[in-house]
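Read through the structure below, which is laid out as structure tokens, and then see the notes.
A note on names: the letters A, B, ... follow the listed sequences, proteins ahead of strands, and every chain is numbered from 1.
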Protein chains: 2
Amino acid sequence: MTESAGGRRDAEAVSQFVESFAAQLVEAGMQRMPARVFAALLSCDDGALTSAELGEQLQVSPAAVSGAVRYLAQQHMVSREREPGSRRERYRVHSNQWYEALTNREAVLKRWEGALRDGVHSLGADTPAGRRMAETLAFFEFVDGEIAAMMERWRVHREKTFGQG
Amino acid sequence: MTESAGGRRDAEAVSQFVESFAAQLVEAGMQRMPARVFAALLSCDDGALTSAELGEQLQVSPAAVSGAVRYLAQQHMVSREREPGSRRERYRVHSNQWYEALTNREAVLKRWEGALRDGVHSLGADTPAGRRMAETLAFFEFVDGEIAAMMERWRVHREKTFGQG
DNA sequence: CGCTTCTTTCAGAAATTTGTGAAGTTAAGG
DNA sequence: CCTTAACTTCACAAATTTCTGAAAGAAGCG
């Protein structure tokens, strides 16, 4: 029944994983279609699929794939490749690149910091609210710095564990 | 014109900050109303407001406040207080508690890890897709561990900078 | 124990979001 | 340079989400 090893992929099981992982991403704030596309890429063997393949596997229109892929590319979660000598495009998760992109929530952090700075200014740095906000701001700035260091440690850890991919 | 120091709060400026910070939170995936409520609490001087005050400041119904607050409490981003001897409730951001709660995205990470573990199993640990997923899983596990350490360093850093709140 | 005040729940209206089909655009290959 | 295959954009329909008003549910206070 389970034919995990070696043989053909169990399409049913794969699809179930895709949908369940996508659901988690949705719950964390990602839109449904990008989440499904991303999960599908993550679970295919060479980490890359064409638009048509994605549409078929997920049972959605080319338009939906197009929108999802555009979003994912903007977030640096997939990259687009042109198959040389074909109009087909191919979307890929670079197995290590993609979770580094997740850490690119840094962009989000930066905007939060901007908003908080405005807040400190308009509330007044000498008010209780202003002080609370300044402390919050300091926290995010701290986190920014830590994340870079953490990713560095991860690369070391990863190489020890998996060898250089 | 700017009356930031000492005097009355510039309601206009405060409201503008509230809406703009809320917008950032929305963009990061939070629902609109919780985001607005949270921003309002963050920018009031004692970090706590009653349901009625929130409704008035944000121009929404008691029902909307109720829903937003329930969500925020579940996420541990605010706590509820009962004013002793009154049916009024008061919602508060504990100025340091709240961003620790943000780090409680750990719950999210844990669920992702669960989903990935399932994925490794159903794809087969010996397949390329399975290996990619195992590496992703390892990354999240690594991050989990790092976050605790980072928060510890933050507390030290914070105390040096702001004294114990 | 009932009155009053505040909060929560619920059904439905309004608004937003999401995905489709069809037309439009780009680029390969004859 | 024309044809054809692929991707993208756009307007609209469907589904979902979000907020409100009204009614029901707690909890202080006389």
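If you take CZ of B:Arg90 and C1' of C:dC6, they are 14 Å apart, rounded to a whole angstrom. Taking atom CD of B:Glu89 as the reference point, atom P of D:dA27 lies 10 Å away to the nearest angstrom. For A:Glu83 and C:dA27, the CD to P distance is 17 Å, given to the nearest whole Å. As rounded to whole Å, 17 Å separates atom C1' of D:dT17 from atom CE of B:Met30. Going from atom CZ of A:Arg87 over to atom P of D:dA6 covers 6 Å, rounded to whole Å.
Using a 4.0 Å cut-off, no side-chain N or O of A:Gln31 falls inside it from OP1 or OP2 of C:dT17. Side-chain N/O atoms of B:Arg88 include one lying less than 4.0 angstrom from OP1 or OP2 on C:dC6. Contact annotation: A:Arg32 side-chain N/O to C:dT18 OP1/OP2 distance is not under 4.0 Å.
Among the atoms of the strands shown, only primed sugar atoms or phosphate atoms (P, OP1, OP2) are found under 4.0 Å from some heavy atom of A:Arg80.
Here D:dC7 is the nucleotide among C:dT18, D:dC7, C:dG29 with the atom lying nearest to any side-chain atom of A:Tyr91.
For B:Glu83, the CD atom is densely surrounded, since the number of other residues' heavy atoms within 6.0 Å is greater than 12. The local environment of CD in A:Glu141 is crowded, with over 12 non-hydrogen atoms from other residues, nucleotides or ligands closer than 6.0 Å. Within 6.0 Å of atom CZ in B:Arg32, 12 or fewer heavy atoms from other residues, nucleotides or ligands are found, so the atom counts as exposed in its surroundings.
When all heavy atoms are compared, the tightest approach of A:Leu109 to A:Phe140 is CD2-CD2, 3.4 Å.
With hydrogens and angles ignored, the 3.5 Å screen pairs no side-chain donor or acceptor of B:Ser15 with any backbone N or O of B:Glu12.
Across residues 38-72 of chain B, B:Gln59, B:Val60, B:Ser61, B:Ala63, B:Ala64 each have a non-hydrogen atom less than 4.0 Å from an atom of DNA chain D (numbered order).
Ion pairing of B:Arg88 with B:Glu53 is absent here, as no side-chain N (NZ or NE/NH1/NH2) approaches a carboxylate O to less than 4.0 Å.
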Report, one line per pair, each donor and acceptor closer than 3.5 Å where one atom sits in a side chain of residues 55-64 of chain B; sequence neighbours left out.
from	atom 1	to	atom 2	distance (Å)
B:Gln59	NE2	B:Glu56	O	3.1
B:Ser61	OG	B:Ala63	N	3.4
B:Ser61	OG	B:Ala64	N	3.2

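Remark on DNA chain C: of its neighbouring residues A:Met33 and A:Gly85, the 5'-side contact belongs to A:Met33, judged by nearest-heavy-atom nucleotide.
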